[in-house]
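Reading through the structure tokens given below for one structure.
Since this is a predicted model, take the numbers as computed values, not measurements. Here is the naming used below: chain letters follow the sequence lines, and residue numbers restart at 1 for every chain.
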Amino acid sequence: MIGMEKLSNAFYQQPTLELAKQLLGCKLVKETPEGTAAGYIVETEAYMGPMDQAAHSYQNKRTKRTEVMFGPAGITYTYVMHTHCLVNVVSGLEGVPEAILIRAVEPVEGLELMAERRKGRKQRDWTNGPGKLTKAMGITQQDYGHPLDRSPLYIEYGYTPDGISEGKRIGIDNSGEARDYPWRFWVTGNRYVSR
DNA sequence: GAGCCGATGGAA
DNA sequence: TCCATCGGCTCG
């Protein structure tokens, strides 16, 4: 049955810019003891490794934090900035440190749970940003390096977007020319896209 | 929408 | 020390 099947690891074996678009409309799922939360991915950003000044792995910078980016595709790269956890999908061939940031999802399952985790906010503000969606879904640093084809954190097929828009990435003003690369993708017109 | 600033952990 | 793939608040 469509929508109930985890994307296999083979899905992640495609060029990063292509995968960033293919992930739009897919369903991100996180299972926790409190329950399951899921949302359709509606906004992504590609980070192209060694030649991308905005990427943590620029010039193949390899640290404890970026280590997982050098591994095979289909694994999470989570990291903490300020007080928030952000989640990326590692992509590219092994040894090529590329990743795709998930910037926004549209809530579809576990709405009560997300409301509780995002107490006091309107539904639109539960998941319309990279730090917000991890909070709403219960994604944390514990999920670092987790293979995305299995519980408790995985991606399923969702729907095929009618239209995909692209533009500059957000929050990377200090990245030279890379700040203007059009590597942000979103489902055209979706109300859960950030900003 | 723009502007300010809090609060955390990895990296140098 | 420094600073970030941000969020929340305030003012307008």
- Item | Separation of C/dT5 C1' from A/Y181 OH (nearest whole Å) | 16 Å
- Rounded to the nearest Å, what distance is computed from the CD atom of residue A/Q141 to the P atom of nucleotide C/dA4? 18 Å
- Please list all pairs passing the side-chain hydrogen bond (donor to acceptor under 3.5 Å, both in side chains) test where one or both residues lie in residues 68-83 of chain A, with sequence neighbours left out. A/H56-A/Y77, A/T78-A/Q141
- Answer yes or no: is there an ion pair linking A/E34 with A/R117, defined by an N-O contact shorter than 4.0 Å? yes
- Message: Ignoring hydrogens and geometry beyond distance, is a side-chain donor-acceptor pair present between A/E98 and A/T16 at under 3.5 Å?
- Response: yes
- Flag if over 12 foreign heavy atoms under 6.0 Å of CD, A/E109: yes
- Query: Which parts of residues 55-65 of chain A get close to DNA chain B, meaning a heavy atom less than 4.0 angstrom away?
  - Reply: A/K61, A/T63, A/K64, A/R65
- Does A/Y154 sit in a hydrophobic cluster with other residues, and if so which ones, taking ILVMFWY side chains as linked at heavy-atom separations under 4.5 Å, directly or through other members? A/V29
Could you work out, with salt bridge (charged side-chain N to carboxylate O under 4.0 Å, His left out) as the rule, every residue matching [X], not counting sequence neighbours?
X: A/D180; answer: A/K168
X: A/K30; answer: A/D143
X: A/E45; answer: A/R103

- Message: Run the ring pair (Phe, Tyr, Trp, His ring centres under 6.0 Å) test against A/Y40 and tell me which residues pass, sequence neighbours left out.
- Response: A/Y159
- Query: Is the side chain of A/E43 donor-acceptor paired with the backbone N or O of A/S194 at a distance under 3.5 Å, no angle test?
  - Reply: yes
- Message: Below 4.0 Å from chain A heavy atoms, what is the first contacting nucleotide of DNA chain B and what is the last?
- Response: B/dG6 to B/dA12
- Note on the structure: Protein-proximity profile, nucleotides 6-12 of chain C, B/S/- by nucleotide at the 4.0 Å heavy-atom cutoff, equals BSS----
- Query: Does A/N88 place a side-chain N or O at less than 4.0 Å from the phosphate oxygens OP1/OP2 of C/dT5?
  - Reply: no
- Using Watson-Crick pairs (N1 to N3, plus N6-O4 or O6-N4) and G-U wobble pairs, both distances under 3.5 Å, which stems of at least 3 pairs involve DNA chain B? B:1-6 with C:6-11, B:8-11 with C:1-4
- Item | Residues forming a side-chain hydrogen bond (donor to acceptor under 3.5 Å, both in side chains) with A/T134, sequence neighbours excluded | none
- Message: So A/A99, base contact, sugar-phosphate only, or nothing? Heavy-atom distance under 4.0 Å.
- Response: nothing
- Task: Check whether any side-chain heavy atom of A/P97 sits under 4.5 Å from a side-chain heavy atom of A/N60, and report yes or no.
- Result: yes
- Query: In chain order, what residues pass the side-chain contact (heavy atoms from CB on, under 4.5 Å) check against A/T44, with sequence neighbours excluded?
  - Reply: A/A20, A/L23, A/L24, A/I41, A/I100, A/F185
